[in-house]
Amino acid sequence: MAFVQFSQVSLAFGDRDILKNVTINLQTGSKVALTGANGSGKSTLIKVLAGLTAPDSGERAVQKECRIAYLPQSGLTHHGCTLLEEADKAFQYGYDIQNKIDQLGSQLAENPSNMQLAEAQAELIQKLDDSGWHRRQSLAESVLLGLGFLRSDFDRNTEEFSGGWQMRIALAKALMQNPDILLLDEPTNYLDLEARSWLEEFLQNYKGGFLLVSHDRYFLDVTINEVYELFNGELKRYPGNYTHYEKVRETELKTLMAAYEQQQQEIQKLEDFITRFGYKATKAAQAQEYQKKLDKMVRIEIPESLKKIHFTFPPAPHAGRLVLRLNGITKSYDGHTNVLNNLDLTLENGQRLVVAGRNGAGKSTLLRIIADQDKAFTGEITPGAGVKIGYFSQDNAETIKGSCTILEYLEGIAPLDLIPKLRDMLGAFLFRGDDVFKSLDVLSGGEKSRIALLQLLLSPVNLLVLDEPTNHLDLHSKDVLLQSLRDFGGTVVFVSHDRGFIEQLATQVLHLEPGNAKYYPGDYKYYIEQTEKTEQALRAAIEPAEGVAKDGSSHSGLAAEARGRLPPSALSWEEQKRLEAERRKKEKVISELEEEIARLEEQKTQLENKLADPQVYSNGEKAKSVQREIEEVSKKLEEATERWMEIAE
């Protein structure tokens, strides 16, 4: 079992502590999410784990021959070869082993009776076989196709790919290395829904260990089984998926918030006394004592996510029931096959329509047409009475420039009643503290995109057209945006690659394929159900399903599924009573499992602390013994967590 571990690691930048006595143990089978507020140091922690940044103090131990692959958030580019040639570089580990095998083969040819050389070569041959190196071509094709590349891309030069696709190449190479430990810093940033779904399945089946940062709640829930939170430089571990972590953390934060509010009251009283009596001779000594008390006080800090930020859009201008009607919309590029072909669509007031489909299906094109940004199409668009459109895409960022500050820029365009709320709104979009005084000219593309989105939300419109509005937002910011859009009094048409965001917002789905479109008059779960039924029907047509169950009974799968969806009112009293008893039984099991998980978690922490002791990890036998105990406890913990997740779902 391979591992990377920290013991009491600390790191500071200037007078700011990024990591304070951090302990963490990643090993084969670890499925970890790293979370924390923007700027809390998550990327720095990953770089320390990867060995790219040295800590100020503490121990970083890596098992011999443990292979680590690291993917940063951005900034990687590739050039000078084709896509397949670049992908093949991920298998350098195997090429190195093959070279050693060849060298040993040459030595054995000169000394065939040397058993030590023969054993060493046999060991390397077995290692190469186990690594899957001989299947590297099929693996490369599988990963590249899974991440959205086409076979026609394989022979393209890598410099032809845009920045987002460059990061997909880097992600593909990290996965193809099949390392013992994967460190992925926001791997979902440049992936569409299909590629994210593929990556979810890949990580679910991954045999090594991984730690990742992502702002996609659904992605985290289906891939990880433990969460590490970095808060004020300290790291704390929570077993279970991300939703479970949020529930546990919410309870903890309520206690923290109560302590914070109590401390704020005490601080206010002390400051009021110092202000009122600091210059009075009879009270000066007491005021000085109060000032000393204030100076020594350890201030309680709370995460930004605990500061409840909520804002509403300016009232949507009145519009009729019909918002927009599209008839026979057809669009092609350079005379090639139509991206949109004779598309009909009617938008009604209050709808929240998500446009779904693979990359290249025409989603962004359709949004530009709806927003009146693209007029090069055939067909007819009829807007309803009083419709006022607000449009957002990543391109909006290019219009934000100038020497004024962020705050000055937004104060110049915000309605008067929202100006007092601008600081909170900027905080929700990750501009906190002195960030609001940054000049527009120094902002990154991601920062400008967030400003462009906030700028749109300040405008009184009744049809919002949003192309990937959740890019560059963290989970807390997404939650604020989501709630605002759900409260919005107008109509929303949007594209997003965040499944959790889509499930919470969409009321209808329009699925696009090149040249085709299908409308689903229900939410995203309804859309998934319908598409799965279609796929099942297609499979059944190719491979007829058996009509007899293993126990010999004949049944209809669709009928069973329909029975599973019956509302409680359609069930008999006895059936309702039975289901209620089952529910109570499962709740009891969940409670018992949570107690077991907490016990195993405490046991694992004690063992990890023991392994971090120099007297233990410097002694090979002791270290192996403790590592075996950790593996046993980890296995039990994983089994208990999986049972908890299965029953909870």
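Owing to the predicted nature of the structure, the values given are computational and were not obtained by experimental measurement. We number each residue from 1, following the sequence as shown.
Applying the side-chain hydrogen bond (donor to acceptor under 3.5 Å, both in side chains) test to pairs two or more places apart or on separate chains, those with a residue in residues 372-387 are Lys331-Asp374, Asp372-Lys375. Applying the side-chain hydrogen bond (donor to acceptor under 3.5 Å, both in side chains) definition to pairs two or more places apart or across chains, those involving residues 162-175 are His78-Gln166, Glu86-Lys173.
Taking a 6.0 Å sphere around CD1 of Ile413, one finds it holds more than 12 heavy atoms contributed by other residues, nucleotides or ligands. Atom CZ of Arg156 has more than 12 neighbouring heavy atoms from other residues, nucleotides or ligands inside a 6.0 Å radius. Residue Glu160 places its CD atom among more than 12 non-hydrogen atoms of other residues, nucleotides or ligands, all under 6.0 Å distant.
Between the side chain of Arg358 and the main chain of Glu194, no donor-acceptor pair closer than 3.5 Å is present. Of the possible donor and acceptor atoms, none in the side chain of Lys438 sits under 3.5 Å from a partner among the backbone N and O of Phe431. Side chain of Asn396 to main chain of Ile451: no donor-acceptor pair is present (N/O by atom type, distance under 3.5 Å, no hydrogens or angles). Not a single donor-acceptor pair under 3.5 Å links the side chain of Asn189 to the backbone N or O of Gln73. Looking at Arg352, its side chain never comes within 3.5 Å of a backbone N or O of Val492 through a donor-acceptor pair. When atom types are taken as modelled, the side chain of Thr223 and the backbone of Glu200 share no donor-acceptor pair closer than 3.5 angstrom. Looking only at distances, no side-chain donor or acceptor of Lys363 sits under 3.5 Å from a matching main-chain atom of Leu512. Under a 3.5 Å cut-off, the side chain of Lys478 and the backbone N or O of Phe501 do not form any donor-acceptor pair.
Nearest approach of Leu34 to Val213, heavy atoms of both residues: O-CG2, 3.6 Å. Of all heavy-atom pairs spanning Asp344 and Gly328, the tightest one is OD1-N, 2.7 Å. Residues Pro469 and Phe392 come closest through the heavy atom pair CA-CE2, 3.7 Å. Closest of all the heavy-atom pairs between Gly357 and His511 is CA-CE1, 4.0 Å. Taking every heavy atom of both residues into account, Ala319 and Gly386 meet most closely at CB-O, 4.3 Å. Residues Arg151 and Glu141 approach most closely at NH1-OE1, 3.3 Å, considering heavy atoms.
With sequence neighbours left out, the ring pair (Phe, Tyr, Trp, His ring centres under 6.0 Å) criterion links Phe202 to Trp198, Tyr206. By the ring pair (Phe, Tyr, Trp, His ring centres under 6.0 Å) test, Tyr190 pairs with no residue at all, sequence neighbours left out.
Considering OG1 of Thr470 and CG of Asp498, their distance stands at 5.0 Å, rounded to 0.5 Å. Between the CG atom of Asp474 and the CD atom of Glu186 there is a distance of 9.0 Å, given to the nearest 0.5 Å. The NZ atom of Lys388 sits 7.0 Å away from the OG atom of Ser459 when rounded to the nearest 0.5 Å. Considering NZ of Lys401 and CG of Leu443, their distance stands at 13.0 Å, rounded to 0.5 Å. Atom OG1 of Thr491 is separated from atom CG of Asn349 by 4.5 Å, given to the nearest 0.5 angstrom. Distance check, rounded to the nearest 0.5 Å: CG of Asn241 to CG of Asp221 gives 4.0 Å.
A 4.5 Å side-chain heavy-atom check between Leu193 and Ile502 finds at least one atom pair inside the cut-off.
Salt-bridge check for Asp424 with Lys421: failed, with every basic side-chain N at 4.0 Å or more from each acidic carboxylate O. Using a cutoff of 4.0 Å between basic side-chain nitrogens and carboxylate oxygens, Arg249 and Glu252 are scored as salt-bridged. The pair Asp479-Arg217 meets the salt-bridge criterion, since a charged nitrogen lies less than 4.0 angstrom from a carboxylate oxygen.
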For residues 320-327, run the donor-acceptor check on the side chains, cut-off 3.5 Å, and write out each pair with its distance to 0.1 Å, sequence neighbours left out.
unit_1	atom_1	unit_2	atom_2	d
Arg321	NH1	Glu348	OE2	2.8

Under 3.5 Å donor-acceptor pairs involving side-chain atoms of residues 516-525, not counting sequence neighbours:
unit_1	atom_1	unit_2	atom_2	d
Tyr519	OH	Gln351	NE2	3.4
Asp523	OD1	Lys525	N	3.3
Asp523	OD1	Tyr526	N	3.0

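With Tyr218 as the aromatic partner, Arg499 meets the cation-pi criteria of under 6.0 angstrom to the ring centre and within 45 degrees of the ring axis.
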*Does the side chain to side chain donor-acceptor pair (under 3.5 Å) test come out yes or no for Tyr242 and Ser214, once each step is laid out?*
CA-CA 11 Å; Tyr242 195 84; Ser214 175; over 6 Å; no
